[in-house]
2 protein chains.
Amino acid sequence: MEEGPPAGLSSRDKILWAAATMLGGKSATTPSVRAVAARAGVSTGSVQHHFPTQRELMDEVLILVYDTMLPDDSLHDSSIPARERLVASLQRLLALEVRDLGSRGVWIQAFDRYVRSEPTEAAREEYLARERELRRRIEYSLAVLQGEGALAPGDNERRARFLNTVASGLSIAQVFPAVSSLLATELEVLRTAVDYVLNEQPASESPAPGSPQPGE
Amino acid sequence: MEEGPPAGLSSRDKILWAAATMLGGKSATTPSVRAVAARAGVSTGSVQHHFPTQRELMDEVLILVYDTMLPDDSLHDSSIPARERLVASLQRLLALEVRDLGSRGVWIQAFDRYVRSEPTEAAREEYLARERELRRRIEYSLAVLQGEGALAPGDNERRARFLNTVASGLSIAQVFPAVSSLLATELEVLRTAVDYVLNEQPASESPAPGSPQPGE
DNA sequence: ACCTGAACACCGTTCAAGT
DNA sequence: ACCTGAACACCGTTCAAGT
């Protein structure tokens, strides 16, 4: 029915293609090795040959996906779902900070400059300016999506503060010990946050959320 | 040689005992149903009878463990809206880390220990254990609220990862320069995150936002 | 109601065997 | 080197059958 990798690809690329196209779907979990093999039209042994472990495959796929996502500004490409564009946009902001230094160097430097000792007024100003710039970029992304109706009207400043906090939490997590490659869980959290914002209730009067009837 | 639940327990309690005692170990993953059954000395079917699903078992265990460990009064006070209780719970976790040192001292110390230089394996393990513990506490709060119907059924592990990231982002923001008292915006972001989780769509078949159409 | 153990439909990974 | 498919050692969940 909906089978088949593009013709002329090597087995390795067929596998990467299969895994990449299984990431976008609704499923939050990483696709199974067997499912990837089936979609790619190869045996599980072949997958194992090119990617000895599931994590190695996923790492390769995520790098591939973001490398093709990041370079051009896909924000305005309305053929891509709004969710993916906003995720990519935030991912770009995270990557932007890291660039050449590696995130660890960035954080250590920032810590020494702004936290360890009381920052000078100039340093303080500098930091605040950078933070403001980050939030502005997020607000810009939100505005673009709002312009095409993908995002309900609402307080984008608040949303930007929220998304910035999430990005910040992900960024700091990158430099602390982690069980595995953070890339996958990072993407999951980012998608969760973005989905929340994009699905936000149009702020009805009544407090729809919790149970209005706690007593019984 | 380290077998056996305390005598005189009902099957249900033997299962809970087994699961609870498997939580503390070094393993980061939730114990398998089969392993719990084996340790409890019952069949898998018996586990299934008392706890139809693995998550229901885990939720019950977490509630049991944390209720006896540190009773959090406000969390169970159903006269308070679920939103406020979850916010308060997260704030408690944030405060818990800080305690006497002040957040700046905590972060500087954590940085020196886990980031600045490559952490030892022991330090790494220690950090991971603490992180796991934090997420479990969040899962516990979610399970409690779910128990009274204030939270839709869903992947609490994912939600906990998300809320933990938000809390982490807020925590790190505390030590960097800020325009004004962060307390207000912090509370706002926390409430936003909590509202998102509590209002989460019950995951209808089609994820409304983007169209998942990769292949073609 | 409570419990058993087999069975179902999956996993990730390993590996002898082919080309 | 690349690939196959069977096999190993697991999963969570279902279920007919017992008590």
Side-chain angles (χ1 to χ4, degrees), chain A residues 3-23 25-62 178-185 188, chain B residues 3-23 25-62 136 139 143 146 153-160 203:
Chain A
E3 290 309 309
L9 259 53
S10 68
S11 274
R12 196 174 185 281
D13 286 343
K14 276 194 270 190
I15 292 163
L16 287 173
W17 170 88
T21 55
M22 291 168 91
L23 238 57
K26 54 186 155 54
S27 111
T29 61
T30 65
S32 78
V33 172
R34 280 174 162 82
V36 169
R39 183 162 173 79
V42 302
S43 68
T44 69
S46 182
V47 174
Q48 228 61 230
H49 178 256
H50 292 289
F51 309 96
T53 193
Q54 192 181 34
R55 180 140 66 243
E56 285 174 74
L57 168 59
M58 285 308 293
D59 285 349
E60 202 84 24
V61 167
L62 288 171
V179 274
S180 63
S181 146
L182 274 177
L183 262 167
T185 70
E188 186 216 51
Chain B
E3 289 309 308
L9 259 50
S10 68
S11 275
R12 195 174 186 281
D13 286 343
K14 277 194 269 189
I15 293 162
L16 287 172
W17 170 89
T21 55
M22 291 169 89
L23 238 57
K26 54 184 158 47
S27 111
T29 59
T30 65
S32 78
V33 173
R34 279 174 163 82
V36 170
R39 182 162 174 76
V42 302
S43 67
T44 69
S46 181
V47 175
Q48 227 63 228
H49 178 255
H50 292 289
F51 309 96
T53 193
Q54 192 181 32
R55 170 144 299 282
E56 284 176 73
L57 169 59
M58 286 307 293
D59 285 348
E60 202 82 26
V61 167
L62 287 172
R136 281 213 178 116
E139 281 185 65
Q146 219 161 34
D155 188 348
N156 281 351
E157 210 172 309
R158 192 187 104 261
R159 287 162 170 162

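We name chains A, B, ... by the order of the sequence lines, and we start the count at 1 in each one.
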Should A/M58 and A/P31 count as side-chain neighbours, where that means a heavy-atom distance under 4.5 Å?
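They are in side-chain contact.
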Hey, are the side chains of B/F51 and B/L16 touching, using non-hydrogen atoms and a 4.5 Å cut-off?
yes
A/S43, nearest nucleotide to its side chain (from C/dT13, C/dC3, D/dG5):
D/dG5
Side chain of A/H49 only, heavy atoms from C-beta on: which candidate in D/dA1, C/dT4, C/dC3 is closest?
D/dA1
Under the side chain to side chain contact (heavy atoms under 4.5 Å, CB included) rule, collect the residues that match up with A/S32, sequence neighbours excluded.
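Partners of A/S32 under the side chain to side chain contact (heavy atoms under 4.5 Å, CB included) test: A/R34, A/A35.
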Does B/A40 have any side chain to side chain contact (heavy atoms under 4.5 Å, CB included) partners at least two apart in sequence or in another chain, and if so, which?
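Scan of B/A40 (side chain to side chain contact (heavy atoms under 4.5 Å, CB included), adjacent residues dropped) gives B/K14, B/I15, B/A18, B/V42.
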Length of the [atom1]-[atom2] vector between [X] and [N], whole Å:
| X | N | atom1 | atom2 | value |
| --- | --- | --- | --- | --- |
| B/R12 | C/dA1 | CZ | P | 15 Å |
| A/L9 | D/dC2 | CG | P | 15 Å |
| B/K14 | C/dT4 | NZ | C1' | 13 Å |
| B/I15 | D/dG12 | CD1 | P | 14 Å |

Among residues 52-61 of chain B, which residues get a heavy atom nearer than 4.0 Å to DNA chain C?
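Hits under 4.0 Å, by residue number: none.
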Protein N or O to nucleotides 17-19 of chain C N or O, pairs below 3.5 Å:
none

Interatomic spacing from CG in A/L57 to CZ in A/R12 - rounded to 0.5 Å:
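Spacing of CG (A/L57) from CZ (A/R12) equals 9.5 Å.
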Return the 5'-most residue of the pair A/Q48, A/A35 with respect to DNA chain C, ranking by each residue's nearest nucleotide.
A/A35
With sequence neighbours excluded, residues passing salt bridge (charged side-chain N to carboxylate O under 4.0 Å, His left out) with B/E157:
B/R55, B/R161
Only one of B/D59, B/V47, B/T30 passes side chain to side chain contact (heavy atoms under 4.5 Å, CB included) with B/Q54; say which it is.
B/T30
Which heavy-atom pair separates A/W17 from A/G4 by the least distance, and what is that distance?
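So the two residues come closest at CH2-O, 3.2 Å.
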N or O in side chain of B/S11 less than 4.0 angstrom from C/dC2 OP1/OP2:
no
Who passes side chain to side chain donor-acceptor pair (under 3.5 Å) against A/Q48, sequence neighbours left out?
none
Any chance you could encode DNA chain C as dot-bracket? Rule is Watson-Crick or G-U wobble with both distances under 3.5 Å; [ ] for pairs crossing earlier ones, | for another strand.
||.|||||...|||||.||
I'd like a table of atom pairs between the protein and nucleotides 7-10 of chain C - only N or O on both sides, under 3.5 Å - with the distance next to each one.
| unit_1 | atom_1 | unit_2 | atom_2 | d |
| --- | --- | --- | --- | --- |
| C/dA7 | N6 | B/R34 | NH2 | 3.4 |

If you measure from the C1' atom in D/dA16 to the same atom in C/dC2, how many Å do you get, rounded?
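So the two C1' atoms sit 15 Å from each other.
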